[in-house]
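Just follow the structure's listing: the first ligand is 1, and inside any ligand the first atom is 1. As the structure is a computational prediction, the values presented were derived from the model and not from experiment.
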Amino acid sequence: MKNYGPPAFNAVRGEGVYLYDEAGTQYLDFGSGIAVTSVGHSHPKWVAAVQAQAATLTHCSNLYGIPQQQKLADRLVTKAGAGRVLFCNSGAEANEALIKLARLHGEKLCAEEGKRFTVVAANNAFHGRTFGGMGATPQEKIQGGFRPMLEGFKFGELNKIETFDQLVDETVAAVFIESIQGEGGLFPAEASFLQELRALCTERGALLMLDEVQCGIGRSGHFFAFDASGVKPDAIGMAKGLGAGFPIGAVWVAEPYAELFQPGSHGTTFGGSPLASTAANATLDIIEEEQLIENVAANSPAWHAELQKLAEKYPDQIAGIRGAGYMVGLALKPEGLNLTITTAAREKHLLVVPAGDNVVRLLPALIATPSQLSQSVEILDGVFANIEH
Ligand SMILES: *Cc1c(COP(=O)(O)O)cnc(C)c1O
């Protein structure tokens, strides 16, 4: 079907931060399959783990215990706090489970179904393409053609606590926010905003659910992007970088609320399979052994400074840079320039991803070195220099 538009090239091989087309052209991949290949393409340790597991047991369904899944759950609990984990296969599915959690929570509070189910999300959000995810994504390009939407969503303004203060009333079961908005144009939730939101949710009995599908698993320079704020959410959605290229999603839910899901409440055939769990465990192994979160935190400031200089060099094109760690957006000025830059960068063998609000996103693998980061800025410099003329 035509929903992706015509591709620029066929991708046939990947190695580290590089992607190769059929002709053998090497691209510096700062898209990472949209923030997915977190430890780089075909990391040898990841490949060995996945190959060995594929040869041992790929799938058995959740009718049986899966030791690799238990191990992965334990590791995520160590990162997120006392709670439980449910696995699935994608970001949209993780968020769907969170929206179902909100409904269970609201029903428990009101002891009556359909009384308290509203989820307050943010304008400019992106939570996926299912009816739950679309409902929480107030963008015409996502919702258009698919109405009626799932009911029960309201929208505040990110980083404007007063808008949430107004919306979170006795009909609201949860607040649902990306710690760093990705598709909508790289808007980080400020630490103070997350802290105020935490207090608001606690006071009014609404769950604080954070979508870490894109910004999580080390990308921000912290394991979770919200870690920088010190906030403890009630539930977290994860996917993209968790499997580093093997599809897996997960939700973590804090201890008292995790009990809302009981046998039969929710399920999945594929979620948390031995193969998917092994891929995610291998990803976390590599992140820990190679200290990749420390790598991101150490290398980001210099890279951001270089990008800031680029913005100052091309003030008519670049409005500014936003983001954290290896999740950065260049906000552009002339309308539609993000698509032009994405194409021009590709022609110079740098892959970047456009985002909403005229933004170009840079999402290198967490293994990217200072020299590879600098190379991305050099290539972009050449791209902007040509655009000016
Ligand atoms: C990509 C993304 C999703 C959807 O994930 P899929 O795996 O494409 O379903 C949800 N939320 C955020 C923040 C995302 O970036």
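- The closest heavy-atom contact to atom 1 (C) of ligand 1, among the options Glu96, Lys240, Glu93, comes from Lys240.
- Atoms of ligand 1 found under 4.0 Å from any heavy atom of Asn95, numbered from 1 in the order shown, are 10 (C), 11 (N).
- Heavy-atom proximity to Ser90, at under 4.0 Å, picks out these atoms of ligand 1: 7 (O), 9 (O).
- Within ligand 1, the atoms closer than 4.0 Å to a non-hydrogen atom of Ala92 are 4 (C), 5 (O), 6 (P), 9 (O), numbered from 1 in the order shown.
- Among the atoms of Glu178, none of the N or O lies under 3.5 angstrom from an N or O of ligand 1.
- At a 3.5 angstrom cut-off on N or O pairs, Gly91 counts as close to ligand 1.
- The protein reaches atom 11 (N) of ligand 1 closely, with a heavy atom under 4.0 angstrom from it.
- In this structure, Arg75 places its CZ atom where more than 12 heavy-atom neighbours from other residues, nucleotides or ligands lie under 6.0 Å away.
- You'll find the ring centres of Tyr18 and His41 outside the 6.0 Å limit.
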Give the intermediate values and the outcome of side-chain hydrogen bond (donor to acceptor under 3.5 Å, both in side chains) for residues Thr58 and Gln53.
-> CA-CA 7 Å; Thr58 302; Gln53 188 59 47; over 6 Å; no
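- Applying side chain to side chain donor-acceptor pair (under 3.5 Å) to Gln214 and the options Glu178, Arg219, Glu183, Gln181 leaves one that passes, Glu183.
- Linking ILVMFWY residues whenever their side-chain heavy atoms come closer than 4.5 Å, directly or via other members, places Val328 and Leu380 in the same cluster.
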With side-chain hydrogen bond (donor to acceptor under 3.5 Å, both in side chains) as the test, would you mind laying out the steps for Gln291 and Asn295 before giving the verdict?
-> CA-CA 6 Å; Gln291 304 194 322; Asn295 188 55; over 6 Å; no
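- A salt bridge between Asp381 and Lys313 is present, with a side-chain N of the basic residue lying under 4.0 Å from a carboxylate O of the acidic one.
- Note: no N/O pair closer than 3.5 Å links Gly128 and ligand 1 by distance alone.
- For ligand 1, the polar-atom distance check finds no N/O of His127 at less than 3.5 Å from any of the ligand's N/O atoms.
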